[in-house]
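One structure is given here, and the rest of the page talks about it.
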Amino acid sequence: MSDVNSLTMDRPVEDSILNHTVQDVLGKPIDRVEGPLKVAGKATYSAEFGFDRLAHGFLVRAPQGAGRIEAIEADAAKAVPGVIDVIHDFDGFIRNAQQGGETEAPTMGVREVHYVGQPVAIVVAESFEAAREGAALVTVRMSAGDGDFGIEGREDEAEKPADGMIPAHSDAGDLDKAMADAAATVDAFWTTPSQNSAAIEPHVSIAEWQGDRLTVHGAYQMLSSDRQQLADALGLEEEQVRIVARYVGGGFGSKLGIAPECVAAAIAAKQLGRPVKTVMTRQQVFEATVRRSDTHQRLRLAADGDGRLTGIGHETIVSNLEGEDFFEPAGLATHFLYAGANRRVTHDIVRVNRTLSGSMRAPGEAVGMLALENAMDELAEALDIDPVELRRINEPEQDPSKDIPFSSRKLAECLDEGAAAFGWEQRNRTPGGLRDGDWLVGHGVAASARSNLLQPSRARVSVTPEGRAIVETDMTDIGTGSYTILGQIAAEMLGLPIEAVEVRLGDTDFPPAAGSGGSWGAGSSGSSVYLACEALRAKIAASFDAEADGLTLKDGHAIAGNRRVPLGELVGEGIEAEGAIEPGEMAEKVNQASYGAHFCEVHVHAVTGEVRVKRWTGVFAAGRILNEKTARSQCIGGIVFGIGTALTEELVHDERDGKCVNRDLAEYHVPVHADVPHMDIRFLVERDAAANPLMAKGIGELGISGAGAAIVNAIYNATGVRVRSYPVTLDKLIDGLPPV
Amino acid sequence: MHFTINGQSFDVEPDIRTSLLDLLREHVGLTGTKKGCDHGQCGACTVLVNGRRINSCLTLAVMHQDDEVTTIEGLGTPDDLHPLQAAFVRHDGFQCGYCTPGQICSAVGMLDEAAKGWPSHVSESLDDGALTDEEIRERMSGNLCRCSAYPNIVDAIREVADGARDERRVGEEAAA
């Protein structure tokens, strides 16, 4: 066993070792270390591992949105050459995917059907083609049941869920009175549709049993809790399950918990005594994994004549399956973004027979900040105050809901630098007043904020006699840059060139990590690497007969006084240590969040209402930036999700049965190359001592937060049309456009 | 049947239902080509067939006897990257990497189309061969990237396109 260096974040880090190290690799915009493998097609994703006697599974879906399965008629399928069997297990299959971080199985049992596309059986064959043909020939006989398929007209049925990431309901002061007494108010309704993460790699699991031990190569984001979920679903001990995910082709929340293909493949593999690979089709990903809930949001703002907010109300109705507590926490940022004494933030759920709703990139802020930041734009207009200035006026001194300090907060600085870089002062202030040929030109601003979270995470780091370091943790890299930044942290702490560090991820045989979700991955798993390296630095100092404080590690050498020795000579047969970070009182005693400001220019076609995003400036403050290149890419990626949210993305449900109508990438419109301009992305220097020993905060969901609102504010500036129903497709604009 | 993939010969008897994509991934072990939608909607499966880019999920393997198929593995290796592969790494033209082989194969095909003077939807005229950023974005819009590395991909392609153009000019001047 290696030593474990543990830290619980009960107090701010007084001084990070990283403030004194001299390797100068952390933060640098180095290329992704796994980049050459990815661009050469040599990074192995989960569907690409080969096994002897591998059989192919293809899921069979429920054709109706409510009812009970009476029979699964499989004779025709079994007659297809190559089909091995058609397997169903009404009790053993899972009804829906699991939410992220849960340690138990999701809702089990599929005889009762709760949504169109619920996987109810699996056809296993010698080839993918035979399995697919077989699945098309299976008839699922159902007796129809009663279902509820949408929110519309059922708002009264909304029920208060159990508290989630935030309380379901919270109230302070008297919002109604604040509204009545205000000099200016906003009181309006916004709607956002269901969305899909649409990671380009579909969900996949290859299940292989060795006796009573199961190995799954799967596309998942949080391996240690996925393992617990899978073990629970199959009635196994955690130790009997191993999950491997070396490379994950995007997740965005959709791969946080196990999905139905995983349990189906495991059951089939056990029954047949062969490894079974099940890749979801794109349509199955839409139907049978997870969606972001549609939302109905009422946003109220009350302000005095100087623009100071006196009240904020944010009441949201979302939808989810029966028995699922998750609610899209749309009011997450509303709790702390702006001052104001009288506050009401609520979330209620309407039960629907639709695909599970759960976490998609920035659950909460991604859609909640649309309403909030659009409302701020409306309030600024009502008060004739610049929208940047209005936000500055309402900077709270401390968290206005909890009355605790902010750990670090640079929203005002982000707004100032962004405004200057973008040329905000030069914009046209009259909606509809600026034209460039056939195009109406508009400019918009919105704030960005994303709560910073820390999760328990462990890592093992070793140093070999050759002077190389190896990092091992079951953290995943879903495109976030984990391989690179964990290597940079170890290289910086141990004074090694990045080439001398090997990072091994994505295997539950390694120490359990936080996983990739909630923007906590880098801060949590990075801290575990930091702590392991801190322990190694102490061992190196001891064998060098130096004080840890007086030790300098650089370029593979230990330096103290006038001595300089290769690192490998100080580690004997090799040394190793584990690091373990735990969240502590800092999560409650201070409010931690990353902040940013979006400025954008849109062109709206004066005749057709087509919207093009032409220019973007984004300024962000997220504590220590671990790699300027990958951090910039994360911000761009988030903003582009915001472009999709604002303009094109809408998962349409059939009102009659809840079915996902546009369940593919031709009909669900994610942004493409032609939709995305170059962007000016900037980071402010910041260190957050309350966050973690890296002094870094989350960045993966910061870019999306507020981004769509900036676009819609710019559309208003271009056209004079306020649209509160997302996405802003041209049919919603065209009637209100200025006369041509 | 006989297939030529990355200059190498393969004798395979595929199921008549097997797509070129599944032939590559499931039968000859070339998993660099990715399956994202299996319906020609995402571009992750883009390969070059006789030098032209196609969605390999939309064509059956049995239609490609004697064709020259080039996949991402045929362009370069991790130790000896094709200029576009290297430019994608330098410019961070990917994050998760899953759409990346398709983006790169598509870019190879696209640059060849542009060099031949084929116009696109946004070309101002049939004579103007300038490969602007707008042209690159339009011509690459069949390749989705959900991580949204789009601006970086454009930068990577631009760098290689400009380099190739400079080389061509030097070659033409030398010939003159």
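Hydrogens, waters and symmetry mates play no part in the numbers below; they use all other heavy atoms, side chains included. These numbers were taken from a predicted model, which means no experiment stands behind them. Letters A, B, ... are given to chains in the order of the sequence lines, protein chains preceding strands, and every chain is numbered from 1.
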message: For A:P202 versus B:Y98, what's the shortest heavy-atom pair and its separation?
response: CD-OH, 4.0 Å

query: Which value, rounded to the nearest 0.5 Å, describes the distance between A:Y668 atom OH and B:Q41 atom CD?
result: 14.0 Å

Region of A:V670 that comes under 4.5 Å of a non-hydrogen atom in chain B: both

field: Selection from B:G32, B:C145, B:S141 maximising heavy-atom pairs under 4.5 Å formed with chain A
entry: B:S141

field: Salt-bridge present (B:D38, A:R282; N to O < 4.0 Å)
entry: no

Side chain to side chain contact (heavy atoms under 4.5 Å, CB included) evaluation trace for B:R25 with A:F128: CA-CA 11 Å; B:R25 284 176 66 81; A:F128 167 69; over 6 Å; no

field: B:R146 vs A:R361, side chain to side chain contact (heavy atoms under 4.5 Å, CB included): CA-CA, chis, key distance, verdict
entry: CA-CA 12 Å; B:R146 187 54 157 168; A:R361 197 172 200 167; over 6 Å; no

- prompt: Rounded to the nearest 0.5 Å, what separation is found between the SG atom of B:C37 and the CD atom of A:Q283?
  reply: 8.0 Å

message: Ignoring hydrogens and geometry beyond distance, is a side-chain donor-acceptor pair present between A:S633 and B:N152 at under 3.5 Å?
response: yes

task: Using non-hydrogen atoms and a 4.5 Å limit, figure out which bit of B:A44 sits close to chain A: side chain, backbone, both or neither.
output: side chain

task: Using atom types as modelled and distance alone, determine if a side-chain donor or acceptor of B:S148 lies under 3.5 Å from a backbone N or O of A:V640.
output: no

- prompt: Can you name the closest pair of heavy atoms from A:V672 and B:Y150 and give their distance?
  reply: CA-OH, 3.5 Å

field: chain B interface, residue from A:D664, A:V248, A:D675 that has the most non-hydrogen pairs under 4.5 Å
entry: A:D664

- prompt: Quick one: CD on A:E133 to CZ on B:R17, what's the gap to the nearest 0.5 Å?
  reply: 4.5 Å

query: Side chain, backbone, both or neither: which part of B:Q103 has an atom under 4.5 Å from a heavy atom of chain A?
result: side chain

- prompt: Taking atom CD of A:E48 and atom NZ of B:K34, what is their separation to the nearest 0.5 Å?
  reply: 3.5 Å

query: With only heavy atoms counted, which part of B:T18 is less than 4.5 Å from chain A, the side chain, the backbone, both or neither?
result: both

field: A:Q634 versus chain B, the contacting section by heavy-atom distance below 4.5 Å
entry: both

- request: Check whether any side-chain heavy atom of B:R137 lies under 4.5 Å from a side-chain heavy atom of A:H678, and answer yes or no.
  value: yes

- prompt: Relative to chain B, which segment of A:K42 carries a heavy atom at a distance below 4.5 Å: side chain, backbone, both, or neither?
  reply: side chain

Under 4.5 Å from a heavy atom of chain B, the part of A:Y247 involved: neither

- line: Shortest non-hydrogen pair, B:L81 vs A:P36, comes out as CD2-O, 4.1 Å

- prompt: What is the distance from atom NE2 of B:H39 to atom CG of A:L665, rounded to the nearest 0.5 Å?
  reply: 10.0 Å

- prompt: With a 4.5 Å limit on heavy-atom distance, are the side chains of B:I153 and A:H673 in contact?
  reply: yes

field: Region of A:I478 in contact with chain B, defined by heavy-atom distances below 4.5 Å
entry: backbone

query: Between the side chain of A:K38 and the main-chain N/O of B:V89, is any donor-acceptor distance below 3.5 Å?
result: no

- prompt: Side chain, backbone, both or neither: which part of B:D79 has an atom under 4.5 Å from a heavy atom of chain A?
  reply: neither

- line: If one checks every heavy atom of A:T630 against chain B at 4.5 Å, the contacting part turns out to be both

Validation row: A:I200, B:L144 side chains within 4.5 angstrom (heavy atoms): yes

- prompt: Quick check: are there more than 12 heavy atoms from other residues, nucleotides or ligands sitting under 6.0 Å from NE2 of B:H121?
  reply: no

- line: Highest number of heavy-atom pairs under 4.5 Å with chain B among A:G481, A:A130, A:G644, A:G82 belongs to A:A130

- request: Evaluate side chain to side chain contact (heavy atoms under 4.5 Å, CB included) for B:D92 paired with A:R632, printing each intermediate quantity in order.
  value: CA-CA 9 Å; B:D92 215 30; A:R632 176 177 176 273; over 6 Å; no

- request: Please indicate whether A:E502 has more than 12 foreign heavy atoms, meaning atoms of other residues, nucleotides or ligands, lying under 6.0 Å from its CD.
  value: yes

- prompt: So, do B:E26 and A:E129 sit near enough that their side-chain heavy atoms are less than 4.5 Å apart?
  reply: no

field: Shortest non-hydrogen contact from A:G250 toward B:C96
entry: N-CB, 3.3 Å

Engaged part of A:A666 at the chain B interface, taking heavy atoms whose separation is under 4.5 Å: both

Atom of B:G97, atom of A:Y45 and distance for their closest heavy-atom approach: C-OH, 3.2 Å

